[in-house]
Every structure is written in C-alpha cells, then in structure tokens.
**Student:** 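Pasting in a structure now, in structure tokens, and then I'll have a few things to ask.
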Amino acid sequence: MKKYWVFFKSELQRSFEYRGMLATWFLVELMGLVTVIFVWLAVYRDNLNVGGYDFKQMIFYYVLVPIVGVFTNVYISESLPKKIKDGVISAELIKPYNLKVKILVGNIAWRMVKLFIYMPIFVAMLAVVGYFFGISLSFGNAMIGFLVCFLVYFLHAFMDLSISYMAFWMDDVWALSHLKFIVLFMFGGMSFPLDLLPENLWKIFNFLPFKFIYFVPVSVLRGRLSSFEIGFQVVQLLAWIGFFHFLSEILFKLGLKKYEAYGN
Amino acid sequence: MKKIKRYLKIYWKLIKFSATLETTYRMSFLLEIIVEVGYFVVTVMGMKVLFWNIKTMAGWNLYEIMVLYGLNMIFAEIVLGVAFIFNLRGLPEKIANGELDLILIKPLNSQFMVSLWRPYFALIPSMLAGVIMMVFGFKLGNLVFNWLSLFPFMIIFGCGLVVAYSVGMMVVTLSMWLVQATPLPMLAQKFLFMAKEPFSIYGGAWRFVFLVILPLAFMVSFPTQVLLGELVWWWIPMGLVMAVVFLKMSNVFWNFALKSYSSASS
Amino acid sequence: MKKVIELKKLSKNFRIHKREQGLIGSVKALFKREYKTIEAVKKVSFDIEEGELVGFIGPNGAGKTTTLKMLSGLLYPSSGNCQVLGFRPVERKYEFLKQISLVMGQKNQLWWDLPAIETFVLNKEIYEVSDEDYKEILNELAEMLDVKEVMHQQVRKMSLGQRMKCELIASLIHKPKVLFLDEPTIGLDVVMQKKVREFILEYNRKYKATVILTSHYMDDVKEICKRIIIIDKGVIVFDGSIEKLIKKYANYKVLIPIFNGKVDSERLTKIGEVIENNGIRAVIKVGRKEVPKKASELLHEFDVDDLDINEPRLEDVVREMFGKVTIRE
C-alpha cells in the first residue's frame, strides 16, 4: 500500500513540474468556451429558448462542462498504447505491483494538480455566472455532483484502459482513441446538451454510456434531476463501470498472453 | 526572382517526398481517413441538431451555415496539412531535443524549413467532403452562386490562409521560451477553429478584436460571404494588408526567438 | 598557411536557476528563483590553419560542445572574437553556412523511408551545388565509402554502418571547407569506427578540408588528429601535438617485461609502480630519467624473456590530467 503512496507523491511532483503545460491546456479549453459563449449569444439574439434552455441556463451548462471535465476526462489512451507498443511495460510487469492501480493512482495525482491550478479560474467563472445571471451551484447539488463525477472517472478510466489494451493487437490505437474523443465530444454532452437531440436520437444516446462523461454530471450540478432520477442514473453508471472493468480485465489478460508469446 | 525559383524547386521536391511517404503507409492512411470521416459526420450532426432547434443563427440559416462550415473544413485542412501536422506541431520537441540545430546549420530560411518541410496529404478527402458540403448548401438552400465571385473570393481566402498561418506560427514560436508548454500547437489550432463561426456573432469591441488583432473574419467568414454574394469594398485591401503585416510579424518574432535560442541553449 | 579559424578570448556564460529537491522545493521555486551563472567557456583563444586536423578533448561539461556551437554559429558568444573563414559565425550568413558542415554523432538528417540518394539531391538544392560538381563529388565520396549500390536503397533498410556512411555523404555533398564533427563515431562498432576515421583522413588529404573533432574516444583523436586542444572547466589546458602532450605531462615511461616464470608483484615494486601483473606479463611505471638504470636492474634480477619500453598511452595521460574523470577508450 505504501508503494502506491510513493507513486502518488512522485507523480504529484512531476505534474507540478509540468504546470506550464497544464496551464496551456487550460487556455486551449478556455478558447473553446469563449467561442461557445459568442455562438450562443448570437443564437439567443434570434431565439428565446433552445431545447428548454434559456441563455443563462445554456451558459451555465457550458461553464460546468470544463469543471466536470477535470474530474471525468481521461487521457490514458494517449500515452499507454505507445508504452505497450514499445514494450516499455515489460519492465513494469515484473515489478511487485499492480500496473493498473499504478496508472490510476498516477492519473489521480495529475488530476489533483490540474484542479489546484484551475481552481481559481473555476471559482471566478462560477462567481461571474452567479452574480450576473443569478444562477448558482447549491451545496447539495455540488456534493452529489462530485460523487457522480468520482464514479464517472472510473467509468472513463476503464473505458480508456480497454481502448489502450487494444494496442496488444492493433498497430495504431491512435485512430480508435481519436474516434472515442469525437464520440464523447458529440454524444458526451461536451459539444451541446444532449437534450437538444431529437426524440429518436435521444433515446439511443440515453442508452449508451457516453452521456455520463459530461451530460449527466452537469445535469446533476444544475439540479435538473430528482433524487429518483439521480438514483436511476447511478445504477446505470455502476452497471457500465462493472462492464468496462470486466472488459478491461479480460482484454489485459488476453493481451498479456499474446504479448508474452511474442517474447517482447 | 532567382531566390523564389530556388525555394519553389526545393518545395516541389519536398512535396514529392511527402507524397511518396504517405502512400507507403496505407493502413494508417486508411485509419486517418476514417477519423476524418468521423469529424465530418460530427460536424454535420452538430449543425443538424442546432438547426433542429432554431431557425437562424446571427442572421445565417442552415444552408448558409453549411457553406460556411464546408469552407471551414477546406480552410482547416489546408492550414493544418501544409504547416501544422508534421511541421509546427513538432517544433516544441525539436527545440527541446536540439534538432533545431540541424535546421539552423543549413543555408535555407529557417522559418520555411520549420513550417513547410513536410506537407500532409491525408486531409485531401476531408477537403473534398468540405466541397461537397458547400455544394449541398447551395443546392438545398437555393442559394445563388455567381462565378464572378470566385476571383475576389480567392484573394480574400488566400489572405485568410496567410493570416492563419502567421498567427499559428507566432503561437508556436512561444515554445522557445515556454519549453514546458507542449500544447502550444494545440492552442494555435484552437484559435483557427474559432474561425469557423460567422463573423456576425461578434458585437461591439469584439468585432474590432476579431477583425484586427486576431483576424478570424478573413479566414472563413468573409470568403464565405463573398461566395454568398456579399462583398464590402474594404475587405480586399484590408485582407491584403493583414496578410502582409501578420506574415512579417511572424517572421520578426521568429528571428527574435532564434536570437534567444542562440543565447541560451547549452 | 591561411588561418581558417581565429578565436580571441572567447567566452560563454549561461544563467541557470538553482532548484531544490522534492515537492517543497518545486513549490518554493514558484515564488523565488535563484540564478547561478555558469562560465562554460572562459577567454579561449586559438587559431587553426587550413587543412589542419584538430581534436578537442575534455571531460563532460568542459566546454567542448559549447565552443563547437559558437564556431558553427549556433550560439552567441558572451564576449570575445570568433572568426571562421572570415565570417562571424553567429551572423549565419548563407555564404558561410554553405562552406561548413556539422556532423553530430547520433543525429541524422537522412529521410528514413526514402533512398539515401534523395536526401543527397535535396541537399544539393539547398546548398546550391551545380550539377557537374554534384555528380563529381557524389561519385568520389561513394567510391571512397563503397556505397555506390547501397545509396539507392531506403535508409530504413540499411545497416547502421551503411547509414552512417550515407549520413557522411549527405553532410559533405557541398564540399565544405570546414568540418565540425561532434562525437562522430559514437555508437558504432570497432570496425566501423576505423572505417570512419580512415575516411576522414582521406577526405582531409584529398580536399584539404579543415577538420575539428570532439570525441570521448581516444582512438578517434589518436588516429585522426595531429593537434589536440584539451579543454577543462572552460579553459584550455593544452594546445599542441600528441607527442608534446605526452612528453610534457608524463614524466614517466612504461616497462613491459615478459617473464619466463611466475613473478609476484611485491618483488617488482622495487623497480617501479606496478600497474598490471598477471604473473607472466607486467606493466611497470618508471620515471623517465631512471629508465636505463631500472631496465638493467629488471634484466639482471629477474628471468626476463622479453622487454618493451613504451611511452605512456594518451588515454592514461589524459585520465591522469583530469584525475578521477573517466574517458572511454
């Protein structure tokens, strides 16, 4: 148990060193937010209500997206496939620790530093929205929202691990990882709130796990779901977490067999 | 004149090299195309969803937006393919690992080498998709197309490409000092994707910002408006001025960065 | 002879910030930065004439690569004068760059998936080499390095040795007058190292190019360079021929006897300092002046089958100069 604490500390320090990079990534996301605000400003000049959201609610939605993203966004499939392809994980496999736990622990460390750096800006954004729009985050919603985000992190992590493990068979997992990103962008609720979808599409994407990455946590934070609905979503969420955890474990075992067979 | 000929000759060679290399790796070429199709589908769906809920956005209807987004695809693929994918994206790494020295030792303009060394061709299918989207926009929306508009269009579009490159180049040049900031190329790309939206969404002081300071207007919005039949008199002269000024700025900034590199690298 | 490189009191300082260990140190560094000035090169002066073969040696961090970079125009000097072929390198004028070449050990410029010759042609255009000159030099170099067939192959498919040879051609296609070689044989096997050294000598002989070489391998220096410049902590500690170096800094010679029967080291210590002894063959350090006396003592008191009296090796001399710093052989 102690060794994972050591990993955590060292990844914490590493991510602190890379704070310049983290800050730049934030600027990238901020640019996206700025554009979105302008677009919706224009849309709401001609329209009063879009899909059940008025202007203030829409902006609030988009402000919550990057905040949720810090908790639920996972980039494991950007670096792990390459490590598998290059054979670097061989060295890690013979060490006395669980590789997956190590990855997740390090991942969480980076997340914490990210949060530390972004926190002032998030607080500022929420304060601005609260002051100018009169919409604010209630403490209850925030607590539940945070819990949901915590669970969603594991969903996304297991999803990403499953994708990364495809590197045992595929030459270039990059395309797969990219496609996942595109799907999340559109159907995770990052590009637009999912309840803007027409009825038939909505039914489909309500059934898929992607909605949990942004849409569901943001809806919880906005206080749009009743306790019953939240409970229902959490049950689905747990089911999906179980599914992807199971999938990642199987893929890892099978992949390892293939990996060792080739004496990498 | 002789100088331009020399650079054109070298660039033609580089294009031939890159084309050979792309076709060598068929599998990843295919995968890249699949990803491009993915982006295309997502863009189309995004538009459909938006306009399922509203009638117009900043005075543009669905079909005009189709033309706009279609042109944006072409615009983005040109800028990314020519300057970003293999060249500017890799610049922070070259600075960090010293490969920049190999470039500086050659008797050739370093900005040219750093920006244009390897063009990327897999984006051509996306460009075609963009053209198709534009054509559909015109047809389905019964929009009027005048062949005469092509001439001013090409000028303004060309200016927009030059400005976009210059902005991207300047952002990436910052990695000379911010060695840690490896996502700088991503930031540059994000700026370019901001150009996707119609210029009319910006009001007041922001119009000035996105016209003069970060001239997004010239990149996709104005060229599209020209194709749709609108041409304001100052667009062409101002576009040309912007292009020249921004290109020069990127060059001055790059040389300044090189000076800093030559003082500090060890 | 024409002076090709002139350095007068060339200096280079770097400012780096000091950082403490651990997480606390990293956070502290956010608020207060302490800077330290490192004098990498201190008032270095030397001249090199056309056609010379000069070796630059010194421990890691001594200032070799920094000096090389200033000579090739990649670094601004902090003070002093630096002239190469009549140009100030740092101005990076194209006429200057067309006459020099920098070859760095592990870094390659050949396009990986294309035949080597494509990179040659590209460089021909970049350096503005005429068609006739290109044909001529390509032929000659390909002949010297024996890659006439191989160079039409994809670089990816070549062996390390073939690739290195093609890298050399790519760097020389414009017949540079000054060659800067930074660790040129690093990572190569013994046979390849020898081939590269022979090539450099032949190139220098044929084209009268001035060669400046930095290396960790003593053999590179021994076989190629007539003159060595030793740099340590940014200062030149020696500039001259190898023989002069050995005579000046090694006041000893080495006796290498081969015995008929086993001799243990304790008995040999009366002759001198025993460096090696496997019982049959010993290596003994003896002061220069005492060599005749000790040699005869050795022959009289021990059953010696054969005796060699050698100058100390360059690597040992250099190693002793730098104390504990190791220099690869």
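This is a predicted model, so every value here is computed, not measured. Keep in mind that the numbers below use all heavy atoms, side chains included, and drop hydrogens, waters and symmetry copies. Chain identifiers are assigned alphabetically (A, B, ...) following the order of the sequence lines, protein sequences preceding nucleic acid strands; residue numbering begins at 1 within each chain.
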**Student:** Using a cut-off of 6.0 Å, state whether more than 12 heavy atoms not belonging to B/Met47 lie near its atom CE.
**Tutor:** yes
**Student:** Are there over 12 heavy-atom neighbours, none belonging to B/Lys94, within less than 6.0 Å of that residue's NZ?
**Tutor:** yes
**Student:** For the residue pair A/Leu201 and B/Met45, what are the closest heavy atoms and their distance?
**Tutor:** CD1-CE, 3.7 Å
**Student:** Can you tell me if A/Leu48 has over 12 outside heavy atoms packed within less than 6.0 Å of its CG?
**Tutor:** no
**Student:** Under a 4.5 Å cut-off applied to non-hydrogen side-chain atoms, are B/Lys190 and A/Leu27 in contact?
**Tutor:**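 Not in contact.
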**Student:** Less than 4.5 Å to any heavy atom of chain A: does that hold for the side chain of B/Phe210, its backbone, both, or neither?
**Tutor:**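 Side chain only.
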**Student:** Near B/Glu93 CD, under 6.0 Å, is it more than 12 heavy atoms from other residues, nucleotides or ligands?
**Tutor:** no
**Student:** Flag the pair A/Leu179 / B/Ile34 as yes when at least one side-chain heavy-atom distance between them is below 4.5 Å, and no otherwise.
**Tutor:** yes
**Student:** Is it true that, when you exclude B/Phe136 itself, more than 12 heavy atoms of the residues, nucleotides or ligands shown sit nearer than 6.0 Å to its CZ?
**Tutor:** no
**Student:** Quick one: pull up NZ in B/Lys55 and CG in A/Asp46 and give me the separation to the nearest 0.5 Å.
**Tutor:**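 Answer rounded to 0.5 Å: 12.0 Å.
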**Student:** Decide side-chain contact (heavy atoms from CB on, under 4.5 Å) for A/Met31 and B/Phe193; before the verdict, give the C-alpha distance in whole Å, the side-chain angles of both, and the deciding distance to 0.1 Å.
**Tutor:** CA-CA 10 Å; A/Met31 283 300 119; B/Phe193 279 111; over 6 Å; no
**Student:** How long is the straight-line distance from CD1 of B/Ile201 back to CH2 of A/Trp40, given to the nearest 0.5 Å?
**Tutor:**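 Rounded to the nearest 0.5 Å, the CH2-CD1 separation comes out at 12.0 Å.
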**Student:** Contact part of B/Lys196 toward chain A, heavy-atom cut-off under 4.5 Å: side chain, backbone, both or neither?
**Tutor:**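 Neither the backbone nor the side chain of B/Lys196 comes within 4.5 Å of chain A.
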**Student:** Could you tabulate the donor-acceptor pairs under 3.5 Å formed by side-chain atoms of residues 182-198 of chain A, not counting sequence neighbours?
**Tutor:**
residue, atom, partner, partner atom, Å
A/Asp195, OD1, A/Tyr53, OH, 2.7
A/Asp195, OD2, A/Tyr53, OH, 3.2

**Student:** Could you measure the distance from the CG atom of B/Leu216 to the CZ atom of A/Phe38? Nearest 0.5 Å is fine.
**Tutor:**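 Here the interatomic distance stands at 10.0 Å.
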**Student:** Please classify the contact between A/Phe181 and chain B as side chain, backbone, both or neither, with a heavy-atom cut-off of under 4.5 Å.
**Tutor:**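 Looking at A/Phe181, just its side chain touches chain B.
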**Student:** I want to check something: taking the side chain as every heavy atom from C-beta on, are A/His178 and B/Tyr39 in contact at a cut-off of under 4.5 Å?
**Tutor:**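 Yes. Closest side-chain heavy atoms under 4.5 Å.
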**Student:** Heavy atoms under 4.5 Å from chain A: which residues of residues 57-85 of chain B carry them?
**Tutor:** B/Met57, B/Ala58, B/Gly59
